[in-house]
Amino acid sequence: MSLTVVGSIAFDAVKTPFGERPKMLGGSAVHFALAASFFDSVRVVGPVGDDWSAAEDAVLHARNVNTDDIEHVPGKTFFWSGVYGWDLNERDTLDTQLGVFETFKPKLSAPAQDADVLFLANIQPDLQREVRAQAKNARFVALDSMNLWIDIAKDSLVKAISEVDCVILNDAELRQLTGAPNLIKAAQEVLSWGPKAVVGKQGEYGAALITKDGFFSLPAFPLADVHDPTGAGDSFAGGFVGYVAAHPDEEIGQDLLRRAMAYGTVLGSYNVEEFGTERLQRLKAAEINERVSELAKITHFEDRPVQLRA
Ligand code: AMP
């Protein structure tokens with residue numbers, strides 16, 4: 001089976017109360033690919049500039065991520081810079097430079113078009129739609145986005161959403177996108193546009209899954225040391241979508257998606273332990289299953305009804 005992802009391929013400059021990195025490998029597609037690489041063969045689609053070197057490719061190749069669909073073009077690689085305060089759920093974007101994405105026209109190779117599962121990671125929604133149109137055989141397509149695109153390209157984003165099976169957005173983004181006052185109403189509105197599942201990410205508070213026939217929620221994995229949340233959402237998506245990709249024979253309903261939520265939660269939790277892609281680069285497969293088992297224990301409770309006073 002195979003998984004194609006389009007999204008930003010970037011250099012990030014990030015500052016948190018626990019340190020800073022002036023230039024590190026990042027981008028929504030990169031974070032997603034590293035996380036999803038534990039589940040399936042992943043291909044990354046997108047452009048990079050002259051400042052991209054073999055060292056960045058090597059990070060992806062070390063996890064067997066296929067880079068044949070990464071286009072090398074003259075110009076600068078996408079650049080994003082952000083700063084976090086003590087509340088790591090809040091961040092300020094200092095700079096976004098689209099660079100080579102500005103003129104990018106995706107043209108997927110035959111194997112990328114043939115992907116079984118497609119993830120439209122955060123990037124301009126017109127690009128997401130162009131890639132969606134080329135991956136005709138995908139049995140599951142999920143999408144992420146962010147406030148910037150809701151602000152400046154909402155119509156295109158709504159169209160993109162109507163063409164996918166699953167939407168993965170932050171709570172606040174879901175409310176901003178729909179104008180609904182809470183997560184449930186916002187998710188119901190998004191479901192009415194076409195997707196069969198909505199995941200509302202809630203940062204350090206976890207994530208919720210809403211489908212037509214059910215609701216499920218998991219807390220974030222409790223961590224005492226968080227250094228940099230950049231890419232947590234994309235790593236979550238990599239675990240979640242990767243898990244779905246790894247189970248081609250199972251019906252995509254609440255059962256499968258609940259387990260996918262656990263894997264998303266765990267990949268997101270490893271990502272935030274260190275800066276950028278640092279932790280995922282040395283993550284071991286066994287660590288993932290271990291943490292999923294721990295998460296299952298943490299969230300388990302027995303329903304023993306008690307005789308209540310009238
Ligand atoms: P996350 O923390 O999961 O929301 O994702 C962080 C990653 O998103 C960073 O590595 C950035 O390079 C990337 N990013 C930031 N802004 C944008 C944007 N406007 N479009 C696409 N990717 C972005």
Side-chain angles (χ1 to χ4, degrees), residues 5-16 21-36 44-49 51-52 56 59-60 76-84 88-102 104 106 119-128 131 142-154 156-157 160 168-174 199-204 207 220 226-241 264-265 267-281:
V5 56
V6 64
S8 54
I9 304 170
F11 288 117
D12 291 343
V14 171
K15 189 171 180 187
T16 81
R21 298 287 184 278
K23 186 184 178 192
M24 65 182 182
L25 176 61
S28 55
V30 169
H31 285 289
F32 175 92
L34 292 176
V44 178
V45 175
V48 295
D51 46 354
W52 186 264
E56 283 78 51
V59 171
L60 294 167
K76 286 244 177 217
T77 298
F78 185 103
F79 176 78
W80 175 78
S81 151
V83 60
Y84 298 79
L88 290 173
N89 282 326
E90 296 284 327
R91 79 172 165 216
D92 286 326
T93 289
L94 302 178
D95 197 6
T96 303
Q97 294 173 19
L98 290 181
V100 289
F101 266 100
E102 212 136 6
F104 177 59
F119 186 61
L120 307 171
N122 178 24
I123 197 63
Q124 222 287 344
D126 291 330
L127 285 180
Q128 293 180 313
V131 172
L143 167 150
D144 186 11
S145 190
M146 74 181 292
N147 55 355
L148 173 69
W149 308 121
I150 303 172
D151 287 338
I152 68 174
K154 185 171 160 185
S156 171
L157 177 58
I168 304 176
L169 283 175
N170 293 337
D171 268 20
E173 292 161 354
L174 281 165
V199 175
K201 293 175 287 180
Q202 300 154 325
E204 88 174 277
V226 173
H227 287 113
D228 171 25
T230 306
D234 307 307
S235 305
F236 176 98
F240 180 85
V241 175
T265 299
L267 267 301
S269 76
Y270 277 118
N271 176 83
V272 304
E273 286 182 347
E274 290 173 25
F275 273 76
T277 60
E278 290 166 13
R279 182 65 178 96
L280 255 61
Q281 282 183 51

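As a basis for the values below, the full set of heavy atoms in this structure was taken, side chains included, without hydrogen atoms, waters or symmetry mates. None of the values given here were measured: they were computed from a predicted structure. In listed order, ligands and their atoms are each counted from 1.
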Heavy-atom pair with the smallest gap, counting every atom of Glu90 and Tyr84: O-CD2, 3.7 Å
Atoms in ligand 1 flagged as close to Thr230, the criterion being non-hydrogen separation under 4.0 Å: 2 (O), 6 (C), 9 (C), 10 (O)
Whether Gln124 lies under 4.0 Å from ligand 1, heavy atom: no
Ligand 1 atoms in contact with Ala232 (distance to a heavy atom under 4.0 Å): 2 (O), 3 (O)
The one among Trp149, Phe101, Phe32, Trp80 that brings a heavy atom closest to atom 20 (N) of ligand 1: Trp149
Part of Asn122 with heavy atoms under 4.0 Å of ligand 1, whether side chain, backbone, both or neither: both
Ser235 versus Asn271, side-chain donor and acceptor atoms under 3.5 Å: yes
Nearest-0.5 Å distance that lies between atom CG in Leu157 and atom CG in Leu143: 6.5 Å
For Leu148, atoms of ligand 1 separated by under 4.0 Å from a heavy atom: 19 (N)
Thr230 OG1 to His31 NE2 distance, which is reported to the nearest 0.5 Å: 6.5 Å
Contacting atoms of ligand 1, where contact means under 4.0 angstrom from a heavy atom of Gly26: 10 (O)
For Gly27, atoms of ligand 1 separated by under 4.0 Å from a heavy atom: 9 (C), 10 (O), 12 (O)
Closest protein heavy atom to atom 18 (C) of ligand 1, given as residue, atom name and distance to 0.1 Å: Met146 SD, 3.4 Å
Where ligand 1 meets Asp234 - atom numbers and elements under 4.0 angstrom, heavy-atom basis: 1 (P), 3 (O), 5 (O), 6 (C), 7 (C)
Residue part near ligand 1, for Asp12, under 4.0 Å between non-hydrogen atoms: side chain
Residue portion contacting ligand 1 (non-hydrogen atoms closer than 4.0 Å) for Ser235: neither
contact_flag Phe79 ligand 1 heavy-atom lt 4.0 Å: no
contact_flag Phe11 ligand 1 heavy-atom lt 4.0 Å: no
Protein heavy atom at shortest distance from atom 22 (N) of ligand 1: Ser8 OG, 2.8 Å
CZ-CG distance between Phe32 and Leu267, expressed to the nearest 0.5 angstrom: 10.0 Å
Gap between atom OG of Ser8 and atom CG of Leu127 - 0.5 Å precision: 11.0 Å
Presence of salt bridge, Asp144 and Lys201, under 4.0 angstrom: yes
Atom indices of ligand 1 within 4.0 angstrom of Ala10 heavy atoms, with elements: 12 (O)
side-chain hydrogen bond (donor to acceptor under 3.5 Å, both in side chains) involving Thr77 - partner list, sequence neighbours excluded: Asp51
Heavy-atom closest contact (Trp80 atom, Thr93 atom, distance): NE1-OG1, 3.1 Å
Contact atoms of ligand 1, heavy-atom distance to Gly233 under 4.0 Å: 3 (O)
Inter-residue atom distance Asn89.CG - Asp171.CG, 0.5 Å rounding: 10.0 Å
Step-by-step side chain to side chain contact (heavy atoms under 4.5 Å, CB included) determination, Phe79 to Thr96: CA-CA 6 Å; Phe79 176 78; Thr96 303; over 6 Å; no
Nearest atoms (heavy-atom pairs only) where Gly203 meets Ala220: O-CB, 4.0 Å
Which segment of Arg91 sits under 4.0 Å of ligand 1 when only heavy atoms are counted: side chain
Shortest protein contact, atom 2 (O) of ligand 1 (heavy atom only): Gly231 N, 2.7 Å
